[in-house]
Amino acid sequence: MKVLSVNAGSSSLKFQMYEMPEEKVLISGVFERIGIENSFYTIKINGEKIKKVVELSNHEDAVIALTKELIEFKVVNSLEEIEAIGHRVVHGGDKYSDSVVITDEVLTTIEELSSLAPLHNPANVIGIKAFKKVVPNAVAVAVFDTAFHQTLDESEFLYSVPKEWYTKYQVRKYGFHGTSHKYLSERMESILGKGKKIITCHLGNGGSLSAIENGKCLDTSMGFTPNAGILMGTRSGDIDATIIPYVMEKSGKNLDEVMNDLNKKSGVLGISGLSSDSRDIEDGIKEGNENCILAQKMYVRRIVGYIAKYYVFLQGVDAIVFTAGIGENSSKTREDIMKSLEILGIKIDEQANNTRGEEIRITTEDSKIPCYIIPTDEEVMIAKDAYNFAK
Ligand code: AMP
């Protein structure tokens, strides 16, 4: 069965088509600058990468261009062959603890949840509608970033604020990157067996950690929004909320400007004053740049803080897993984290830790807790859920 995995952003659309259940990637690509001048798309097929510059005035144009390419490259003979489409949807609120087939009612709910994810859900809805128009016969499935975290106990998901903030306004911890954490949890189950306690570290430009027991998420570091938990490329992570009105008063900035600072100008970028990208930070550290050294120190300490918290919370841990851009590629960051955890009996396998982007154990045989790199694959998770419904 041919299944599409789709991730629609406000001006972009990423896709991957699979032959299921083999999970074979047939074609993948990304449409960029949709609705902006100089729009283009890139496609990967048969080991080749193709770039085309075309006008894409909206997402429907992108979907039409995509379907034409699918036919031209003979990935499908007709659009009827696309039996299922899985859509990444950022926010499912507390309505969805699993993926669902997108009915009119579900689409309305996703639209209503836009107040919780104003930058993401509207774009996801545009993507869903565009595919519905162009490929109406495919089963459309929503796969939520928040769903995996719906198993948190209320003692973990509630903030210690007036209860009506939750009951009236849905203020609670939702958590994000759920599809990635779930993928890591399932991979670790297949490596170590069921019933294990795992700490998953999704460390990319955004970053979050989860505490998982027997495949169930018990806590996660992101919160009501993705700007909670560890510091990230440009996001502050946890701060004292009272800083916001204080800085507004002192700087004369309005709320939007301060929130923009917290989301786009903080984190590793804010502290280093140089870049949000860990490659630049690592270069800066080599050159003795004090701000880069400090940014890396803070980054690692916050992560280690969450691992320590989850270690106690889970009453021990059977494995720690690293994924995403930094988690998969930065041996230095993994090493800095694991060295800070030596007290737990973690022993690094230097050679294995110098590996990049492949699934591998990076601690020695006698390490009390094994650590792994597991390259994440949210696209295949989305395709699997879509396939399961269509089947
Ligand atoms: P993601 O959001 O998962 O795509 O991760 C993006 C981030 O991964 C970049 O901003 C970099 O900080 C980091 N990254 C990617 N490649 C490398 C690498 N080779 N070494 C260190 N960090 C990397």
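Numbering of ligands and ligand atoms starts at 1, following listing order. Heavy atoms only: backbone and side chains are in, while hydrogens, waters and symmetry mates are out. Quantities reported herein were computed from a predicted structural model and do not represent experimental measurements.
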Would you check the N or O atoms of Ser278, main chain and side chain alike, for any that come under 3.5 Å of an N or O of ligand 1? yes
For atom 10 (O) of ligand 1, the closest protein heavy atom turns out to be Asp277 OD2, 3.6 Å
Polar contacts were defined as any N/O atom of the residue lying under 3.5 Å from an N/O atom of the ligand; does this apply to Gly204 and ligand 1? no
Steps toward salt bridge (charged side-chain N to carboxylate O under 4.0 Å, His left out) verdict (Lys297, Asp336): CA-CA 9 Å; Lys297 187 173 175 182; Asp336 289 351; over 6 Å; no
Hey, mind stepping through Arg187 and Glu359 against salt bridge (charged side-chain N to carboxylate O under 4.0 Å, His left out) and telling me if it holds? CA-CA 10 Å; Arg187 282 302 307 141; Glu359 200 171 289; 2.7 Å; yes
Within ligand 1, which atoms have a heavy atom of Arg356 less than 4.0 Å away? 19 (N)
Step by step, work out the ring-ring contact (aromatic ring centres under 6.0 Å, His included) result for His149 and Phe157. CA-CA 9 Å; His149 305 303; Phe157 76 64; over 10 Å; no
Per-atom filter on ligand 1: closer than 4.0 angstrom to a heavy atom of Ile326 are 8 (O), 12 (O), 13 (C)
Please say whether Asn205 places an N or O atom under 3.5 Å from an N or O atom belonging to ligand 1. yes
Near-ring test Phe131/His87, centroid separation under 6.0 angstrom: yes
Just jot down the ligand 1 atoms closer than 4.0 angstrom to any heavy atom of Gly325, in number order. 1 (P), 3 (O), 5 (O), 8 (O), 13 (C), 14 (N), 15 (C), 23 (C)
Among Leu116, Ile110, Thr109, which residue satisfies the side chain to side chain contact (heavy atoms under 4.5 Å, CB included) criterion with Asn121? Ile110
Can you tell me the protein heavy atom closest to atom 16 (N) of ligand 1 and the distance? Arg279 NH1, 3.4 Å
For atom 17 (C) of ligand 1, the protein heavy atom that lies nearest, with its residue and separation: Asn329 CB, 3.5 Å
Using a distance threshold of 4.0 Å (strictly less than), state whether atom 12 (O) of ligand 1 has a protein heavy-atom neighbour. yes
Scan Ile43, Ile45, Val75 and name whichever one has a side chain to side chain contact (heavy atoms under 4.5 Å, CB included) with Leu70. Val75
How far apart are the C-alpha atoms of Glu189 and Lys194, what are their side-chain angles, what is the distance that settles it, and do they pass the salt bridge (charged side-chain N to carboxylate O under 4.0 Å, His left out) test? CA-CA 5 Å; Glu189 257 184 14; Lys194 285 192 188 295; 3.3 Å; yes
